[in-house]
Amino acid sequence: EFALAIGEFNIAREYLQRTLDNDPAKSASWLRLAYCQRYRHRDDPDLRRIQHAWSDNSLDLQSRTCAGFALGRALDDLGDYAQAAAILMEANAMARANVPWRADIWRELVERRLVERSLPRVDAASDFAPIFVVGLPRTGTTLVATLLGRDEQLRERGELNWIPAMYEHLAEQGKLYDRAALSKVAQFVTAQMRRDDTPAHWYLDKNPLNFRYLDFIAALFPQARIIHCRRNLRDTALSLWTQHFAHADLGFCYDFSSIAQFAHGHDRLMSHWREVLEVPILDLEYEALATDAGSALGGIAKSLGLSAPPSTPNASAMPRTIVTASVWQARQPVYTRSIDRWKNYAAYLPEIERLF
């Protein structure tokens, strides 16, 4: 896990191979193995290993599910979209049975958030400025954080869970409207984001699902900046559907109709926040970012007082650690092949065009 996070893919691959030799039921290792390279040949030994695991009915359901997502990723690399779609349909059905997601609960949450009264604002800390990168998952949040994180004035903290955890904590205590409690939470989250390294002006949290709590963020940090990542919804839906996620919050990703319902709720909430919140919300299009990252981020970097990033990363500017599903992609040169990727699957997954 550590070698993968710091981009030492060959070392990670060696350990993952040994892990799976010892115990093929280490389910997440199948996914991690698929993250270690871009597959170019059908006779790749890792690909054969993953195919064998997918076909092994003696493996537990979770391990086979992970092997299915890993195999789908490898076949996508090879351009075998028909077979990738067929396997991913089975793998998604397995995952869906394990991680149920209820659209009615999501709709109720969205409706409740739309009518809740405004939270009281706490006094802004003069020496702390947080940035929250939000949006639907797989819309370029990791790429944005990676590019902005090169600036010495900014500390990129990955996907933190403090905002949703603290919101639920105060909600359970009935203290969401208690200014003193909000102030304590703001101090706590500030300490967690600062940690103990060299101080900086900006601190960045790229948890995309924080879009659910922008009113909470605005109350805790009136000085915050929000970067909202957007992407062609068909590409977003396909990218979500082809990933296996560990977190229950992402249980909607295993069914296209659920993705469509979640995306609709996301759009309603973002429209609402724009109307009622005073914190700046800066939109960033994935397609523009992938085509010319420097230009796409130039305006945002300027508003933050950061240097505009170049359009193509170099190895020395890469982040020290990446621990999301974008662990491989975020370390490659910025590329455009993910734009209109859904068209590769249109003949095999007609619901992409029908639902989005």
Side-chain angles (χ1 to χ4, degrees), residues 1-95 138 142 235 238-246 254 290 315 318 322-349 352:
E1 289 285 347
F2 180 71
L4 196 64
I6 63 172
E8 295 286 354
F9 295 110
N10 288 333
I11 296 173
R13 184 168 168 244
E14 177 187 346
Y15 277 104
L16 288 162
Q17 289 169 339
R18 288 162 61 181
T19 297
L20 291 167
D21 284 341
N22 291 331
D23 185 1
K26 293 290 186 186
S27 55
S29 293
W30 295 109
L31 292 170
R32 303 297 191 270
L33 188 62
Y35 292 160
C36 288
Q37 62 173 311
R38 180 171 172 80
Y39 291 88
R40 303 184 184 281
H41 306 288
R42 286 188 176 272
D43 60 353
D44 185 284
D46 286 352
L47 176 55
R48 291 201 302 268
R49 179 195 288 262
I50 293 169
Q51 285 174 316
H52 177 75
W54 171 245
S55 303
D56 186 358
N57 290 319
S58 68
L59 269 183
D60 64 281
L61 181 63
Q62 179 68 5
S63 296
R64 284 202 66 232
T65 301
C66 291
F69 279 96
L71 183 54
R73 183 193 186 284
L75 292 170
D76 181 87
D77 284 349
L78 295 170
D80 189 348
Y81 305 118
Q83 186 66 9
I87 289 169
L88 285 166
M89 276 192 274
E90 288 189 61
N92 272 284
M94 294 176 179
R138 309 298 294 171
T142 297
D235 280 335
L238 178 66
S239 188
L240 289 168
W241 188 79
T242 56
Q243 296 288 331
H244 186 279
F245 297 96
Y254 307 121
M318 288 299 178
I322 301 174
V323 293
T324 69
S326 302
V327 63
W328 170 265
Q329 296 100 314
R331 291 191 183 278
Q332 310 313 306
V334 177
Y335 54 80
T336 60
R337 62 176 175 268
S338 291
I339 298 176
D340 285 338
R341 176 173 168 246
W342 69 271
K343 293 179 179 178
N344 297 327
Y345 289 87
Y348 317 111
L349 302 169
I352 295 179

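Heavy-atom basis, side chains included; hydrogens, waters and symmetry copies ignored.
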Side-chain donor or acceptor of Asp340 paired with backbone N/O of Lys343 under 3.5 Å: no
I'd like to know if Arg341 and Asp235 make a salt bridge, using a cut-off of under 4.0 Å between side-chain N and carboxylate O. no
If the threshold is 4.0 Å, N to carboxylate O, is there a salt bridge linking Asp21 and Arg49? yes
Measure the spacing between CG of Leu20 and OG of Ser63 and express it to the nearest 0.5 Å. 8.5 Å
After noting the C-alpha distance and the side-chain angles of Leu238 and Arg138, does the key distance pass the side chain to side chain contact (heavy atoms under 4.5 Å, CB included) rule? CA-CA 9 Å; Leu238 178 66; Arg138 309 298 294 171; over 6 Å; no
Can any side-chain N or O of Asn22 pair as donor or acceptor with the backbone N or O of Arg18 at less than 3.5 Å? yes
Which atom pair, heavy atoms only, marks the closest approach of Arg38 to Arg337? NH1-NE, 3.5 Å
Does atom OH of Tyr39 have more than 12 heavy-atom neighbours, drawn from other residues, nucleotides or ligands, at distances under 6.0 Å? yes
What distance separates Ile352 CD1 from Asn344 CG, expressed to the nearest 0.5 Å? 9.5 Å
So, for Leu59 and Ala53, which heavy atoms are closest and what is the spacing to 0.1 Å? CD1-O, 3.6 Å
One pair to check against side chain to side chain contact (heavy atoms under 4.5 Å, CB included): Met89 and Leu349. What are the steps and the verdict? CA-CA 9 Å; Met89 276 192 274; Leu349 302 169; 4.2 Å; yes
Mind checking the CG-CZ spacing from Leu16 to Arg32? Nearest 0.5 Å is all I need. 8.5 Å
Looking only at atom types and distance, does a side-chain atom of Arg13 sit under 3.5 Å from a main-chain N or O of Cys36, one as donor and one as acceptor? no
Return the CD to OG distance between Gln17 and Ser29, rounded to the nearest 0.5 Å. 11.5 Å
Nearest non-hydrogen partners of Thr242 and Phe69, listed with the distance: O-CD2, 3.6 Å
Go through the steps for Tyr345 and Asp76 under the test side chain to side chain donor-acceptor pair (under 3.5 Å), then give the verdict. CA-CA 10 Å; Tyr345 289 87; Asp76 181 87; 2.4 Å; yes
Grab the two heavy atoms, one from Thr65 and one from Ala91, that are nearest each other, plus how far apart they are. CG2-O, 3.7 Å
Give a yes or no answer on whether the side chain of Trp30 reaches the backbone of Pro24 with a donor-acceptor pair at less than 3.5 Å. yes
Has Asn92 got a side-chain atom pairing as donor or acceptor with Trp241's backbone, closer than 3.5 angstrom? yes
Over 60° means perpendicular and under 30° means parallel, so classify the ring planes of His244 and Tyr254, tilted if in between. tilted
Could you go through the side chain to side chain contact (heavy atoms under 4.5 Å, CB included) check for Tyr35 and Arg73 one step at a time? CA-CA 9 Å; Tyr35 292 160; Arg73 183 193 186 284; 4.1 Å; yes
Write down the atom of Leu47, the atom of His41, and the distance for their closest heavy-atom approach. CD2-O, 3.8 Å
Go through Gln37 and Asp44 one step at a time and tell me if the side chain to side chain contact (heavy atoms under 4.5 Å, CB included) criterion holds. CA-CA 11 Å; Gln37 62 173 311; Asp44 185 284; 3.3 Å; yes
Gly68 and Trp54 have their tightest heavy-atom pair at CA-CE3, 3.4 Å
